[in-house]
Amino acid sequence: MQLSLDNIFKNYIQKDDIFQNKELLLTKYRPENLPHREKEIKTLGSILAPSLRGEKPSNVFVYGKTGTGKTAVTQYVCSKLEEVAMNNGHEVRIIYLNCKMRKVADTEYRLLAKLARELGRDVPPTGLPTDQVYEIFFEAVEDKKRMVILILDEIDIMVEKTGDNFLYNLTRMNEDLENSKISIIGISNNLSFKENLDPRVRSSLSEEEMLFSPYNALQLQDILKSRAEKAFKPGVIAEGVIEKCAALAAQEHGDARRALDLLRVAGEMCEREGSKRVEERHVDMAESKIDMDRILEVVRTQPRQSQAVLWSILKLKENGGNEVQTGDIFSVYEKVCRNSGLAPLTQRRVSDLIAELDLLGIINARVISKGRYGRTRTITLGVSEPILEKIKNTLVSEFYFE
DNA sequence: AGTCCACAGGAAGGGCAGGCGA
DNA sequence: TCGCCTGCCCTTCCTGTGGACT
């Protein structure tokens, strides 16, 4: 065992590496230039430019599908702005917050605490009244004369979780600030999310709006080519590979992130195989691997109760249940809990867990009415057979079912 | 037209953990 | 130590619902 592992490591070191700089293909990498986004960069730049004269720029609402460059463009423009401001003796402070991150934007308190910490204040994870945290944040902003630009990425998720109270207070904050000014850039994938906002918040958040349209396949090819040139060694990529990654990502609403992931994982598959050339079949392998990894990670990190519900659904499906319904799931779930030493939750709670699994894309739940036989959810599985097998293998050691 | 089923899903609140200030 | 605050997970209670059946 030890010996074969030694061999793997030794081979890896000796092997001809196909990558030159893999970092360039990671989504967190911020490139120096953003092809096909020149117009957006200029627009956002001119919206934010007043901050260089100490004037408050308009709040901006940026929307578009995932992987269309919203975050990249915003961060690019803001970092340049920060640089220019510093050289001209103004202070512009950029705070970037990804609201999708767990334990960051789930509650108003956490949001404020995070922002206050970004400005150098110490706020405990819980314990203080929210008003007090507002005050701490307010004081931190007001601390010196400066412009604070707050980038709220995935703002729709924040509003979904905490409501729009936070945004309302933030947009009103400028009325009380004397030294500083604060502007908000809200980024969202969800085009319709604004409809549910308080009208006052909506109008003040959308002083300016920018829509990022999806990249087409040709634009994606450009992006991939420019990155691949530096990320891979010359001649490593076979003809058609970049075109295939671009085409697959273009099918999925022109997502550049997806395209880059495909190319990177295809490279990794090729490397692992010991090949010296990335070919189209590696892209196919990459596509299924990315899907599988994502879902397995989600399943693994679910709470045990949620896993028990999923396991019950799998067992019902295995026993030939085509039309799996909430009631059936609940009875199997109770049995699973009994056999596994888990305290069963109520049907109400299980119903919520089913809805969460639906949201995660592992199952598809549809509410249907069966007339006098009641209203229920019918559940189908949202993943392919090979992934299903992997999920079962992950859960089989946790739960028992006779 | 009215009834009824089997839930969906909203609202309220309990209990616990983590933390603060007095 | 105590009272108070927050977040989180959960239960209890309740109203709403679409369509088959009477």
Side-chain angles (χ1 to χ4, degrees), chain A residues 97-118 120-140 154 157-170 195-196 198 298-313 316-317 321-338 340-380 382 398:
Chain A
L97 206 62
N98 187 344
C99 303
K100 207 179 177 178
M101 296 264 285
R102 279 185 79 130
K103 313 274 182 194
V104 169
D106 324 39
T107 64
E108 205 174 346
Y109 183 100
R110 282 191 172 150
L111 263 168
L112 283 162
K114 170 87 180 158
L115 294 176
R117 277 187 217 114
E118 288 285 334
R121 297 299 163 108
D122 201 23
V123 182
T126 67
L128 299 180
T130 311
D131 299 4
Q132 203 171 324
V133 191
Y134 262 112
E135 222 157 276
I136 296 174
F137 174 60
F138 185 88
E139 281 169 18
E154 316 250 14
I157 293 181
M158 182 199 85
V159 172
E160 197 179 296
K161 283 184 185 158
T162 68
D164 54 12
N165 199 28
F166 169 75
L167 283 179
Y168 180 76
N169 289 333
L170 216 58
E195 287 162 21
N196 304 322
D198 180 310
V298 169
V299 170
R300 260 196 292 267
T301 52
Q302 281 309 292
R304 195 134 187 268
Q305 291 288 2
S306 185
Q307 289 180 339
V309 173
L310 179 59
W311 180 250
S312 310
I313 296 170
L316 270 167
K317 286 280 180 192
N322 250 345
E323 288 273 283
V324 176
Q325 294 164 15
T326 310
D328 306 334
I329 296 171
F330 186 67
S331 27
V332 174
Y333 160 82
E334 281 184 309
K335 217 181 276 179
V336 168
C337 285
R338 256 202 312 278
S340 316
L342 203 63
L345 303 174
T346 55
Q347 181 153 347
R348 175 69 189 86
R349 180 69 188 132
V350 168
S351 168
D352 278 346
L353 293 179
I354 292 172
E356 282 170 26
L357 289 171
D358 180 28
L359 251 169
L360 291 167
I362 301 169
I363 59 171
N364 297 313
R366 198 162 51 92
V367 178
I368 58 152
S369 174
K370 302 201 300 170
R372 71 168 305 156
Y373 302 107
R375 226 162 77 98
T376 184
R377 265 194 288 233
T378 54
I379 280 109
T380 52
E398 295 273 331

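Below, chains carry the letters A, B, ... as their sequence lines are ordered, and counting in each starts from 1.
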Take the protein atom [atom1] of [X] and the nucleotide atom [atom2] of [N], then report the distance between them rounded to whole Å.
| X | N | atom1 | atom2 | value |
| --- | --- | --- | --- | --- |
| Lys370(A) | dG19(C) | NZ | P | 14 Å |
| Leu111(A) | dG7(C) | CG | C1' | 13 Å |
| Ile136(A) | dC5(C) | CD1 | P | 16 Å |
| Asp352(A) | dC7(B) | CG | C1' | 13 Å |
| Ile354(A) | dG9(B) | CD1 | P | 11 Å |
| Arg366(A) | dG9(B) | CZ | P | 14 Å |
| Arg372(A) | dC7(B) | CZ | P | 15 Å |
| Arg117(A) | dG19(B) | CZ | P | 11 Å |

OP1, OP2 of [N] versus side-chain N and O of [X]: anything below 4.0 Å?
| X | N | value |
| --- | --- | --- |
| Ser351(A) | dG9(B) | no |
| Ser369(A) | dT17(C) | no |
| Tyr109(A) | dC5(C) | no |
| Thr326(A) | dA8(B) | yes |

Subject >> base_contact_polar (dT11(C) base, Arg349(A) side chain, donor-acceptor, <3.5 Å) >> reply: no
Taking the minimum atom-to-atom distance to the side chain of [X], which one of [options] wins?
| X | options | value |
| --- | --- | --- |
| Thr376(A) | dC4(B), dT11(C), dC7(B) | dC7(B) |
| Arg375(A) | dA20(C), dA8(B), dC10(C) | dA8(B) |
| Arg377(A) | dA8(B), dC21(C), dT12(C) | dA8(B) |

Within the structure provided, determine whether [X] and [Y] are in side-chain contact (heavy-atom separation under 4.5 Å).
| X | Y | result |
| --- | --- | --- |
| Ile363(A) | Leu310(A) | yes |
| Ile329(A) | Val324(A) | yes |
| Leu345(A) | Leu353(A) | yes |
| Arg349(A) | Gln305(A) | no |

**OP:** By nearest nucleotide on DNA chain B, pick out whichever of Gly327(A) and Arg348(A) is the more 5' one.
**Re:** Gly327(A)
**OP:** Please determine if Lys114(A) and Glu118(A) form a salt bridge, counting it only when a charged side-chain N lies under 4.0 Å from a carboxylate O.
**Re:** yes
